[in-house]
4 protein chains.
Amino acid sequence: MSDSPRPLRADARRNRVRVLEVAKAVLARDGTAASMREIARQAEVGLATVYRQFPTKEALFEAIVTEQTREIAGQAQSLADDENPGEAFFAFFTYAVTSSTGQKMLVDALADAGVDINAGELGQANRAMLDGAEILLVRAQQAGAVRKDMGMRELGALVSAACLAAERQHWDEDLRTRVLGIFFDGLSPRT
Amino acid sequence: MSDSPRPLRADARRNRVRVLEVAKAVLARDGTAASMREIARQAEVGLATVYRQFPTKEALFEAIVTEQTREIAGQAQSLADDENPGEAFFAFFTYAVTSSTGQKMLVDALADAGVDINAGELGQANRAMLDGAEILLVRAQQAGAVRKDMGMRELGALVSAACLAAERQHWDEDLRTRVLGIFFDGLSPRT
Amino acid sequence: MSDSPRPLRADARRNRVRVLEVAKAVLARDGTAASMREIARQAEVGLATVYRQFPTKEALFEAIVTEQTREIAGQAQSLADDENPGEAFFAFFTYAVTSSTGQKMLVDALADAGVDINAGELGQANRAMLDGAEILLVRAQQAGAVRKDMGMRELGALVSAACLAAERQHWDEDLRTRVLGIFFDGLSPRT
Amino acid sequence: MSDSPRPLRADARRNRVRVLEVAKAVLARDGTAASMREIARQAEVGLATVYRQFPTKEALFEAIVTEQTREIAGQAQSLADDENPGEAFFAFFTYAVTSSTGQKMLVDALADAGVDINAGELGQANRAMLDGAEILLVRAQQAGAVRKDMGMRELGALVSAACLAAERQHWDEDLRTRVLGIFFDGLSPRT
DNA sequence: TATGAATGAGCGTTCATTCAT
DNA sequence: AATGAATGAACGCTCATTCAT
């Protein structure tokens, strides 16, 4: 966690962050058809600078997905021993939908492009996220907050659905709250 | 503005239908990145024949969406006076998700491209579909089968979510049934 | 040998020939680093027209080499039963050097690019050329016009050497005659 | 214009030599398409260090060619008063072909790029080499070892031819010996 | 002085669209 | 009416070269 020994890379680091941020936004807007040139233009860096940080378009996508996946995995972990498992689970679900806007699209694009989603850093992050999510799900079920006939497949499907629709339809916060409310009611145990 | 008589268009009509069918399949497989040339090849017609029927790629997309929207609108209409409003509503929801696989992607592509989704034949079809859906929703609510705090916005969001996720993740029938089950439980009136 | 049944392709055919011609010249001048754009520009056709005829740069190279190889093979064949084997052999050698300007460079470029030089139409043409050359060589040796310790390897090396140097140094006819004269003296049987 | 003193350039000198060596090898392998970055990487120096020594890629090429030309000129000089002019000439020819592998390609690349081959240090080296070669040629002719109707143009053409073909076809030592044998027989006086 | 990050021109290739046949 | 050849803009990517550290 100490400062790295190379102060030279201050600008390079800033450029990387900037490119990632812009790329996230551009991809959310234009989908995977977004061009590297457009990303470079909006990040106000040269085209080759993007390529220095991310040697292919695919690598850029993968970096974005990996970053977001890690964030979600981290959130799962910090909720793992929450004293209220039900609330923790629903909070995680909401966080995942809110933060992973556009991610599923990228994951699919990567899969289409033949990237092994379970390999490398992305695979690691993915497993961490899934493991964390499963813990939250099981604890919520044990606490009686979530119906028992739910598995990871259903959870993944629901989260994906919400992510994709929120992304493409630009859900505002109000709509998201109401739709997730419906989801959560559906997830409650049947009385 | 009157429909012109069509004495010679027997083969042209057949070509149009054929191109539409093939385009639907190709787009479902390759997404909106599918090329006009590929569609022409698979339809076994010349490239310019496709362009005669659909002056731009966008127009072809629009035609597909319009057709599918009309089908869904028709389904809503035929369920409009079903004697069991609750069943009718859920059947319609399921039909919409099942049949419009790949459609949402197109709608978004159109919207991205600046097409006014409410204009022209597509707008007409869209309004018919929404009107039909609203009737089904209201009747189901009046019958006590669907919670009262649902509006068309929530309905659209839910249908979209299911369509997009089903499309991108290749839900099998079993998973779709289970996920829609959760949706429908969430839509039931709170007891 | 009859006219092909498609008169439509008159212009396409002319473009193909034109592109091939220009490409031969451009490649002779700029080497394999010549750009497709430059070829298109000089041929006064659109870039995509070049690609319609030759789907990759490699394919264009291969087409050129194949064409030239065929011409040389044809020349070998028509000299195969010449009544003066010595003259026939030397005439063939001269023809090969004169006509295949720049070819060796392309062959090597293809080999570098991983093209199997013995496969497909090029391989066929290549074998025909080598077979024809061998016949001429053996006959010349039997007639006492060429030293016996010559094999196809040496022949290939000598022809290549002359081709490459003629190409890169822009030998005029006079110099070519004198240098080939030295070659031919070297090829004569030792007295 | 005077040579500046070089008190501090011990490492710079070493870098220059190292870069030149590596560049020679890389260019022999990858041709003139080799990238400056690759050369820097293999020389284990920074990219800008290469550019400090050689302000352009062209300059690097020129330096390599100049160095090799100087070596050949030196060889010519040391053979200039050999007691056996015929042997000396053929030894020089062989040395030139053997050592200048890859050089002709560079010379041509330079010429294509518009570099005046007769200017600067390269021109000087070139003249020295040609002068030395001419002396060897004339002495060999006077000694009756080489035919009289040979001039520098023919000599240059023959050496180039052998260099280029040896380079591009990866002649092994055996083949080179045999082919040069044919060349030398051709160069002998006609009996 | 040495480094490597940044840059933009250029390359091979694809695609929607137009036009001559 | 139908065809497919022609076109140029755009894309992903690489490279020689410059500049800030």
Side-chain angles (χ1 to χ4, degrees), chain A residues 6-16 19 33-41 43-60, chain B residues 8-12 15 33-41 45-60, chain C residues 6-16 19 33-41 43-60, chain D residues 8-9 11-12 15 33-41 44-60:
Chain A
R6 303 218 185 182
L8 297 181
R9 308 203 178 167
D11 56 337
R13 216 49 180 154
R14 209 174 45 205
N15 272 340
R16 179 177 231 271
V19 167
S35 84
M36 293 295 266
R37 257 180 193 80
E38 180 62 20
I39 291 170
R41 201 168 308 146
E44 289 174 337
V45 299
L47 174 57
T49 300
V50 178
Y51 276 96
R52 167 173 292 278
Q53 304 289 349
F54 308 99
T56 64
K57 198 185 181 187
E58 216 171 67
L60 174 57
Chain B
L8 296 176
R9 306 204 180 165
D11 57 338
N15 272 343
S35 80
M36 293 295 268
R37 206 170 231 96
E38 180 63 19
I39 292 169
R41 199 170 305 146
V45 300
L47 176 56
T49 302
V50 177
Y51 273 94
R52 172 169 297 276
Q53 304 289 347
F54 308 100
T56 65
K57 199 184 183 186
E58 218 169 67
L60 174 57
Chain C
R6 304 217 185 181
L8 297 180
R9 307 201 177 166
D11 56 339
R13 216 47 181 160
R14 207 173 47 205
N15 272 340
R16 177 177 232 271
V19 167
S35 83
M36 293 294 266
R37 260 180 192 78
E38 181 62 20
I39 292 170
R41 200 168 309 145
E44 287 174 338
V45 298
L47 175 55
T49 301
V50 178
Y51 276 95
R52 166 171 293 277
Q53 304 290 348
F54 307 99
T56 65
K57 197 184 183 187
E58 216 171 66
L60 174 58
Chain D
L8 296 175
R9 306 204 181 168
D11 57 339
N15 273 344
S35 81
M36 294 295 268
R37 205 170 233 98
E38 180 63 19
I39 291 169
R41 198 170 306 146
E44 288 173 341
V45 299
L47 176 56
T49 301
V50 177
Y51 273 94
R52 171 169 297 277
Q53 304 290 345
F54 308 100
T56 65
K57 199 182 183 187
E58 217 170 67
L60 174 57

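Chain letters run A, B, ... following the sequence lines, proteins first, then strands; residues in each count from 1.
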Starting at the 5' end of DNA chain F, which residue's closest nucleotide do you reach first, A:Arg41 or C:Ala48?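 It is C:Ala48 whose nearest nucleotide is closer to the 5' end.
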For atom [atom1] of [X] and atom [atom2] of [N], their distance in whole Å:
X: B:Phe54; N: E:dA16; atom1: CZ; atom2: P; result: 15 Å
X: A:Tyr51; N: E:dA9; atom1: OH; atom2: P; result: 16 Å
X: A:Asp11; N: F:dT21; atom1: CG; atom2: P; result: 7 Å
X: B:Gln53; N: F:dA1; atom1: CD; atom2: P; result: 11 Å
X: D:Leu60; N: F:dT17; atom1: CG; atom2: C1'; result: 14 Å
X: B:Glu58; N: E:dC15; atom1: CD; atom2: P; result: 18 Å

Can you tell me which stems DNA chain F forms, taking runs of 3 or more consecutive Watson-Crick or G-U pairs with both distances under 3.5 Å?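 For DNA chain F the paired stretches long enough to count as stems (3 pairs minimum) are E:2-21 with F:2-21.
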At their closest point, which heavy atom of B:Leu47 faces which heavy atom of B:Ala40, and how far apart are they?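 Smallest heavy-atom distance, with atoms named: CA-CB, 3.8 Å.
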Would you indicate what [X] reaches in the nucleic acid, counting non-hydrogen atoms under 4.0 angstrom: base, sugar-phosphate, or nothing?
X: D:Ser35; answer: sugar-phosphate
X: C:Ala40; answer: nothing
X: A:Glu38; answer: nothing
X: A:Ala34; answer: sugar-phosphate

By side-chain hydrogen bond (donor to acceptor under 3.5 Å, both in side chains) - contacts of D:Arg37 (at least two apart):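 Testing D:Arg37 for side-chain hydrogen bond (donor to acceptor under 3.5 Å, both in side chains), a comparison that skips the adjacent residues, returns none.
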[X] side-chain proximity, nearest of [options]:
X: C:Thr49; options: F:dG12, F:dA6, E:dT3; answer: F:dA6
X: D:Lys57; options: F:dT17, E:dT3, E:dA16; answer: F:dT17
X: A:Leu47; options: E:dA6, F:dC13, E:dT14; answer: F:dC13
X: D:Arg52; options: E:dG12, E:dT1, F:dT14; answer: E:dT1

Residue pair B:Met36, B:Leu60: steps toward the side-chain contact (heavy atoms from CB on, under 4.5 Å) verdict: CA-CA 9 Å; B:Met36 293 295 268; B:Leu60 174 57; 4.0 Å; yes
Go through it in stages, so that I can follow the logic: the residues are D:Arg52 and D:Asn15, the test is side-chain contact (heavy atoms from CB on, under 4.5 Å), and I'd like the CA-CA distance, side-chain angles, deciding distance and then a yes or no. CA-CA 10 Å; D:Arg52 171 169 297 277; D:Asn15 273 344; over 6 Å; no
Nearest 0.5 Å please: distance from the CD1 atom of D:Ile39 over to the CZ atom of D:Phe54.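 CZ of D:Phe54 is found 9.5 Å from CD1 of D:Ile39.
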Of C:Met36 and D:Val45, whose nearest nucleotide on DNA chain E comes first from the 5' end?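 Looking at the nearest nucleotide for each, D:Val45 comes out on the 5' side.
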E:dG10 base / A:Arg37 side chain donor-acceptor hit below 3.5 Å: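 In this structure, the two groups form a donor-acceptor pair.
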Is a side-chain N or O of D:Lys57 found less than 3.5 angstrom from the main chain of D:Ser35, in a donor-acceptor match?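 Between the backbone of D:Ser35 and the side chain of D:Lys57 there is no qualifying donor-acceptor contact (under 3.5 Å).
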Output yes when at least one side-chain N/O atom of C:Asn15 is less than 4.0 Å from OP1 or OP2 of F:dA6, else no.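 Result: yes.
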